[in-house]
Asker: 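Sharing a structure with you now.
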Amino acid sequence: MPEINKQIIQVVKSLGLKKHRDEEGLFVAEGTKCVRDTWEAFKCRWLVASRSWYDQCGHAGHLPHLVLARKEHLSRMSQFTTPSEVIAVYEIPEVTIDAARVRNGVNIVLDNVQDPGNLGTIIRLADWYGISDIFASKTSVDVYNHKVVQATMGAIARVKVHYVDLEELFEEYGELPVYGTFLDGENIYGMKLERPCFVVFGNEGQGIGAKVERCVTRRLHIPAAPHPGGCSESLNVGVAAAITISELMRDTLK
């Protein structure tokens, strides 16, 4: 097995930045659960771990990729304040679009979603409802950001995120309805939602951008319950996505 060295440490540490992930074609998954949940889904370059971690959690399949490291090495490479005892370095896979699956499914679309936790939550949501594809604007947060990977709780192994020009996407699949969430849309609880479809969620602060808004064929609104004390101005994008996708999938879950 290779020994830890400065080059490996530098490469792993650099993967905290998207430009280096793109240059190296690599991303990281940290922690025992995250590594277990992703191990079968991605091709591993290195499994950097402490001896104690390998003795307790390792198996023969890890050995071809294992790089033993001390605590101080792991601390230098970790993207988190409290480093774990294992870091998997995976190759970024080539992701292709299955046109037939798009035309027959519910497709989540994200317009400039920036928060890693929100993207991770939405990937978990897609996984829960058996949705295979998420389409994101090229300005959205990178799916291989370490915080996104962690927040998906393993769902990144099953859900594909495609970074595309959203206007071109809607034009290519022009036969599908495009739903979008807005404060001035129709009450979602009184609508008949069609599948297959696209459903768009926007930026945390600005919502859906003007260019993508023009592509939306039906505007949805999640109403707040009436109460005298007032309420928040809007919902978190992950929460809005959960409510909307739940309504879209209602008929299939009865």
Asker: Please check if any side-chain donor atom of Ser140 sits under 3.5 Å from a side-chain acceptor atom of Ser137, or the reverse.
Answerer: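 Yes, side-chain donor-acceptor contact under 3.5 Å.
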
Asker: Using only atom types and a distance under 3.5 Å, with no angle test, would you say the side chain of Asn107 pairs donor to acceptor with the backbone of Cys197?
Answerer: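 Answer holds: yes.
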
Asker: Distance-only, no hydrogens or angles: does the Glu175 side chain make a donor-acceptor pair with backbone N or O of Arg103 under 3.5 Å?
Answerer: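 Here the side-chain-to-backbone pair does not exist.
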
Asker: Can you tell if the side chain of Thr181 reaches within under 4.5 Å of the side chain of Val200, non-hydrogen atoms only?
Answerer: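 Not touching, per the 4.5 Å side-chain cut-off.
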
Asker: Taking only residues at least two apart or on different chains, which pairs with a member in residues 161-173 satisfy salt bridge (charged side-chain N to carboxylate O under 4.0 Å, His left out)?
Answerer: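 Listed by first then second residue: nothing to list.
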
Asker: Please answer: with hydrophobic residues joined when any side-chain heavy atoms are less than 4.5 Å apart, are Val148 and Leu17 in the same cluster?
Answerer: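 No, separate clusters.
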
Asker: Please answer whether the main-chain N or O of Val178 pairs with a side-chain N or O of Thr217 as donor and acceptor at a distance below 3.5 Å.
Answerer: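 Side chain of Thr217 to backbone of Val178: a pair is present.
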
Asker: Check whether any side-chain heavy atom of Leu74 sits under 4.5 Å from a side-chain heavy atom of Ser50, and report yes or no.
Answerer: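 They are in contact (side-chain heavy atoms under 4.5 Å apart), so the answer is yes.
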
Asker: From Met249 CE over to Ile131 CD1, what is the distance, rounded to the nearest 0.5 angstrom?
Answerer: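 Rounded to the nearest 0.5 Å, the CE-CD1 separation comes to 5.5 Å.
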
Asker: Checking the side chain of Glu30 only, and the main-chain atoms of Pro83 only, is there a donor and an acceptor separated by less than 3.5 Å?
Answerer: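 A pair under 3.5 Å: no.
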
Asker: Search all heavy atoms of Ile123 against all heavy atoms of Ile156 and return the closest pair with its distance.
Answerer: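 That closest heavy-atom pairing would be CG2-N, 4.0 Å.
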
Asker: May I ask you to check whether over 12 heavy atoms, not counting those of Gln206, lie within 6.0 Å of atom CD?
Answerer: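 No, CD of Gln206 has 12 or fewer neighbouring heavy atoms, counting only those of other groups under 6.0 Å.
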
Asker: Can you list everything that forms a salt bridge (Lys or Arg N to Asp or Glu O under 4.0 Å) with Glu91? Sequence neighbours excluded, please.
Answerer: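 Arg45.
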
Asker: So which pairs with a foot in residues 107-132 pass ring-ring contact (aromatic ring centres under 6.0 Å, His included), sequence neighbours left out?
Answerer: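 Not a single pair qualifies under ring-ring contact (aromatic ring centres under 6.0 Å, His included).
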
Asker: Distance-only criterion, 3.5 Å: show the donor-acceptor pairs between side-chain atoms of residues 185-195 and protein atoms not counting sequence neighbours.
Answerer:
unit_1	atom_1	unit_2	atom_2	d
Glu186	OE1	Arg218	NH2	3.2
Glu186	OE2	Arg218	NE	2.9
Asn187	OD1	Tyr189	N	2.8
Lys192	NZ	Asp251	OD2	3.2
Arg195	NH1	Leu248	O	2.5

Asker: Out of curiosity, Ile8 CD1 to Lys13 NZ, how far, rounded to the nearest 0.5 Å?
Answerer: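 Going from the CD1 atom of Ile8 to the NZ atom of Lys13 covers 15.5 Å.
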
Asker: List the steps, then state whether side chain to side chain contact (heavy atoms under 4.5 Å, CB included) holds for Val109 with Val199.
Answerer: CA-CA 6 Å; Val109 179; Val199 56; over 6 Å; no

Asker: Say whether, by atom type as modelled, one donor and one acceptor occur between the side chain of His65 and the main chain of His62 under 3.5 angstrom.
Answerer: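 Flag not set: sc His65 to bb His62 has no pair under 3.5 Å.
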
Asker: Would the distance check show the side chain of Thr152 and the main-chain N or O of Val149 forming a donor-acceptor pair, the cut-off being under 3.5 Å?
Answerer: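 Present.
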
Asker: Could you check if a side-chain atom of Phe201 sits within less than 4.5 angstrom of a side-chain atom of Tyr179, using non-hydrogen atoms only?
Answerer: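 Side chain of Phe201 against side chain of Tyr179, heavy atoms only: no contact under 4.5 Å found.
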
Asker: Once you measure the plane-to-plane angle for Tyr144 and Phe42, does it fall in the parallel (<30°), tilted (30-60°) or perpendicular (>60°) bin?
Answerer: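 Answer is perpendicular, since the angle exceeds 60°.
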
Asker: Which pair of non-hydrogen atoms, one from Lys147 and one from Pro116, has the smallest distance, and what is that distance?
Answerer: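 Shortest heavy-atom separation between Lys147 and Pro116 comes out as CB-CB, 3.6 Å.
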
Asker: If we only count heavy atoms from C-beta on, is the Val143 to Phe27 side-chain gap below 4.5 Å?
Answerer: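 Not touching, per the 4.5 Å side-chain cut-off.
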
Asker: Under 4.5 Å between side-chain heavy atoms, counting indirect links through other Ile/Leu/Val/Met/Phe/Trp/Tyr residues: same cluster for Val159 and Tyr90 or not?
Answerer: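 Yes; Tyr90 is reachable from Val159 via cluster members.
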
Asker: Just by modelled atom types, is the Ala240 backbone N or O under 3.5 Å from a matching donor or acceptor in the Thr244 side chain?
Answerer: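 Looks like yes, one N/O pair under 3.5 Å.
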
Asker: For the residue pair Ala126 and Ile108, what are the closest heavy atoms and their distance?
Answerer: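 Minimum heavy-atom contact is CB-CD1, 4.0 Å.
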
Asker: Give every residue pair that meets the salt bridge (charged side-chain N to carboxylate O under 4.0 Å, His left out) criterion with at least one member in residues 123-134, sequence neighbours excluded.
Answerer: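 Passing the test, one end in residues 123-134: Arg101-Asp133, Asp127-Arg158.
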
Asker: Could you verify whether a donor N or O on one side chain and an acceptor N or O on the other, from Asn118 and Glu204, lie under 3.5 Å apart?
Answerer: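 The criterion, which ignores hydrogens and geometry beyond distance, is satisfied for Glu204 and Asn118.
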
Asker: Supply the atom-to-atom distance Asn145 CG to Leu15 CG, rounded to the nearest 0.5 angstrom.
Answerer: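 Rounded to the nearest 0.5 Å, the CG-CG separation comes out at 11.5 Å.
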
Asker: Show, in sequence, the C-alpha distance, side-chain angles and deciding distance for Asp115 and Val141, and conclude whether the side chain to side chain contact (heavy atoms under 4.5 Å, CB included) test is met.
Answerer: CA-CA 7 Å; Asp115 184 82; Val141 62; over 6 Å; no

Asker: Measure the OG-CD distance between Ser14 and Glu23 for me, rounded to the nearest 0.5 Å.
Answerer: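 So the OG of Ser14 and the CD of Glu23 are separated by 8.0 Å.
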
Asker: Without swapping roles, check the side chain of Asn203 against the backbone of Asn112 for a donor-acceptor pair under 3.5 Å.
Answerer: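 Here the side-chain-to-backbone pair exists.
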
Asker: Minimum heavy-atom separation for Leu176 and Pro196, please, with both atom names.
Answerer: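 The pair with the smallest heavy-atom distance is CD2-CG, 3.8 Å.
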
Asker: For a quick test of reading the model, state the closest non-hydrogen atom pair linking Val89 to Val28 and the distance between them.
Answerer: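 Smallest interatomic distance, heavy atoms only, reads CG2-CG1, 4.2 Å.
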
Asker: What do you reckon, are the aromatic ring centroids of His146 and Phe80 less than 6.0 Å apart?
Answerer: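 So the answer is yes for these two rings.
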
Asker: Going by heavy atoms in the side chains, are Phe198 and Pro177 under 4.5 Å from each other?
Answerer: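 Sidechains of Pro177 and Phe198: no contact.
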
Asker: If you compare all heavy atoms of Val237 against all heavy atoms of Gly202, which two are closest, and at what distance to 0.1 Å?
Answerer: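 Heavy-atom minimum between the residues: CG2-O, 3.6 Å.
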
Asker: Any salt bridge (charged side-chain N to carboxylate O under 4.0 Å, His left out) pairs touching residues 71-90, not counting sequence neighbours?
Answerer: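 Pairs touching residues 71-90 that pass the test: Arg70-Glu72.
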
Asker: Has the side chain of Arg21 got a donor or acceptor atom that lies under 3.5 Å from a matching backbone atom of Gly16?
Answerer: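 Here the side-chain-to-backbone pair exists.
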
Asker: Would you please test Cys34 and Met153 for side chain to side chain contact (heavy atoms under 4.5 Å, CB included) and show each step?
Answerer: CA-CA 6 Å; Cys34 193; Met153 298 295 286; over 6 Å; no

Asker: Is Leu125 linked to Val239 within one hydrophobic cluster, defined over Ile, Leu, Val, Met, Phe, Trp and Tyr using a side-chain heavy-atom separation of less than 4.5 Å?
Answerer: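 Yes, Leu125 and Val239 fall within the same hydrophobic cluster.
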
Asker: Would a distance-only check, ignoring hydrogens and angles, find a side-chain to backbone donor-acceptor pair under 3.5 Å from His221 to Phe182?
Answerer: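 Yes: the side chain of His221 pairs with the backbone of Phe182.
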
Asker: Is any side-chain heavy atom of Val86 closer than 4.5 Å to a side-chain heavy atom of Tyr54?
Answerer: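 No - every pair of side-chain heavy atoms lies 4.5 Å or more apart.
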
Asker: To the nearest 0.5 Å, what is the distance between OH (Tyr163) and CG (Leu110)?
Answerer: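 Those atoms lie 8.0 Å apart.
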
Asker: What's the spacing between Ile243 CD1 and Leu220 CG if we round to 0.5 Å?
Answerer: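 Ile243 CD1 to Leu220 CG: 12.0 Å, rounded to 0.5 Å.
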
